[in-house]
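All residue numbers refer to positions in the sequence shown, counting from 1.
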Amino acid sequence: MTELAIDRPGLFQSIVEAFQRFQKRQTKRAEIAALGTVETKLVAQDVGLTESDLVALTAEDEDSASLMERRLADCGVDIKSVNPILLRDMQRCCSQCNSKRRCAYELDKKPKAAAWPSYCPNEQTMAALAAAKCH
């Protein structure tokens, strides 16, 4: 019985945080929808995205590309050295990746049989950046 009492605050906090993230995504979606088609296209162009990519990114958490930054660091690549246009594209790919949970687990636990290259949409780009760093 004591274990349940200990776990409940953590579970409740997780639920609250998930709901808060959901509310933020809903707010971003509403803001994009309120812009209208012309304005949405202009905003997308300003940040170097397609309109559909901009709308898709509003469905993601604000830190959805943070795993990419951790992967780059693990590969020995300084994020400041990456071309901003390339970095933005990598962030877009990472934000839309369906393997975030697996990626986070592998980054945190660092298992010997990590399989991140097989599912990472940025694997080839990261490998090229790591190789370029060595030359």
Side-chain angles (χ1 to χ4, degrees):
M1 188 84 162
T2 317
E3 291 180 51
L4 289 176
I6 293 170
D7 288 340
R8 283 189 180 169
L11 175 62
F12 180 74
Q13 183 63 30
S14 295
I15 292 170
V16 168
E17 289 170 1
F19 183 71
Q20 289 171 337
R21 288 191 307 271
F22 172 77
Q23 284 182 311
K24 285 181 182 179
R25 288 191 306 269
Q26 291 300 97
T27 300
K28 288 190 293 185
R29 285 182 186 141
E31 289 171 354
I32 292 292
L35 288 176
T37 307
V38 173
E39 290 85 4
T40 302
K41 285 180 183 179
L42 291 173
V43 169
Q45 287 175 350
D46 284 348
V47 295
L49 296 171
T50 65
E51 185 180 354
S52 61
D53 283 343
L54 177 65
V55 171
L57 288 176
T58 61
E60 301 297 329
D61 289 333
E62 291 174 0
D63 64 342
S64 62
S66 65
L67 295 171
M68 180 212 61
E69 294 173 14
R70 291 176 61 192
R71 283 278 179 217
L72 284 171
D74 275 6
C75 292
V77 176
D78 180 7
I79 195 166
K80 294 175 188 169
S81 69
V82 180
N83 177 298
I85 295 170
L86 177 62
L87 187 62
R88 188 175 320 124
D89 187 58
M90 291 175 69
Q91 289 168 330
R92 179 190 57 78
C93 289
C94 187
S95 293
Q96 296 175 339
C97 178
N98 294 323
S99 299
K100 287 185 193 79
R101 202 174 277 208
R102 184 176 181 187
C103 183
Y105 171 81
E106 289 185 356
L107 280 165
D108 292 339
K109 304 296 182 196
K110 301 200 186 302
K112 289 182 182 178
W116 78 269
S118 66
Y119 60 79
C120 180
N122 286 315
E123 184 272 331
Q124 291 180 345
T125 305
M126 287 188 195
L129 288 169
K133 170 189 79 74
C134 296
H135 292 99

Engineer: Would you say the side chain of Arg71 lies within less than 4.5 Å of the side chain of Cys120, judging by non-hydrogen atoms?
Structural biologist: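 Cys120 vs Arg71: side chains apart.
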Engineer: Mind checking whether Ile32 and Leu42 sit in one hydrophobic cluster, side chains of I, L, V, M, F, W, Y counted as touching below 4.5 Å?
Structural biologist: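 Looking at the clustering, Leu42 is in a separate group from Ile32.
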Engineer: Between the side chain of Lys100 and the main-chain N/O of Ser95, is any donor-acceptor distance below 3.5 Å?
Structural biologist: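 Judged by distance alone, yes, a pair lies under 3.5 Å.
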Engineer: Minimum heavy-atom separation for Cys75 and Ala130, please, with both atom names.
Structural biologist: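 Smallest heavy-atom distance, with atoms named: O-CB, 3.8 Å.
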Engineer: Side chains of Lys41 and Val38, heavy atoms from C-beta outward: is any pair under 4.5 Å?
Structural biologist: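 No, every pair of side-chain atoms sits at 4.5 Å or beyond.
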Engineer: Could you tell me whether Gln124 atom CD has more than 12 heavy atoms of other residues or ligands within 6.0 Å of it?
Structural biologist: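 It does not: Gln124 CD has 12 such atoms or fewer within range.
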Engineer: Between the side chains of Arg29 and Gln26, is a donor N or O closer than 3.5 angstrom to an acceptor N or O?
Structural biologist: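 Yes - a donor-acceptor pair under 3.5 Å links their side chains.
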Engineer: Distance check, rounded to the nearest 0.5 Å: Ile79 atom CD1 versus Gln91 atom CD?
Structural biologist: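 Ile79 atom CD1 to Gln91 atom CD measures 6.0 Å (nearest 0.5 Å).
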Engineer: Rounded to the nearest 0.5 Å, what's the gap from CG on Asp89 to CD1 on Ile85? Could you check?
Structural biologist: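 Asp89 atom CG to Ile85 atom CD1 measures 10.0 Å (nearest 0.5 Å).
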Engineer: List in chain and number order the residues that pass salt bridge (charged side-chain N to carboxylate O under 4.0 Å, His left out) with Lys110, two or more places apart in sequence or in another chain; answer none if no residue qualifies.
Structural biologist: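 Partners of Lys110 by the salt bridge (charged side-chain N to carboxylate O under 4.0 Å, His left out) criterion, ordered by chain and then number, come out as Asp74.
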Engineer: Could you grab the distance from atom CZ of Phe19 to atom NZ of Lys24, nearest 0.5 Å is fine?
Structural biologist: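 Spacing of CZ (Phe19) from NZ (Lys24) equals 13.0 Å.
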Engineer: Which pair of heavy atoms, one from Cys93 and one from Asn122, lies closest together, and at what distance?
Structural biologist: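 What the structure gives for the nearest pair is CB-OD1, 3.7 Å.
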Engineer: So for atom CG, which belongs to Asp108, do other residues, nucleotides or ligands contribute more than 12 heavy atoms lying within a distance under 6.0 Å?
Structural biologist: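 Count over threshold, so yes.
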Engineer: Checking Glu123 side chain against Ser118 main chain: does a donor-acceptor pair fall under 3.5 Å?
Structural biologist: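 No.
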Engineer: Kindly compute the distance separating CZ (Arg70) from CG (Leu107), expressed to the nearest 0.5 Å.
Structural biologist: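 The distance works out to 4.5 Å.
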Engineer: Going from NZ on Lys80 to CG on Leu87, what distance comes out if it is rounded to the nearest 0.5 angstrom?
Structural biologist: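 Taking NZ in Lys80 and CG in Leu87, the distance rounds to 12.5 Å.
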Engineer: Mind checking the CG-CZ spacing from Leu67 to Arg101? Nearest 0.5 Å is all I need.
Structural biologist: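 So the CG of Leu67 and the CZ of Arg101 are separated by 12.0 Å.
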Engineer: Spell out, yes or no, whether Tyr119 and Leu72 are grouped together once hydrophobic residues are joined by side-chain heavy atoms under 4.5 Å, including indirect joins.
Structural biologist: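 Result: yes, single cluster for both.
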Engineer: Would you kindly confirm whether Leu86 and Met68 end up in one hydrophobic cluster when ILVMFWY residues are joined by side chain heavy atoms under 4.5 Å apart?
Structural biologist: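 As far as the 4.5 Å side-chain criterion goes, Met68 and Leu86 are connected within one cluster.
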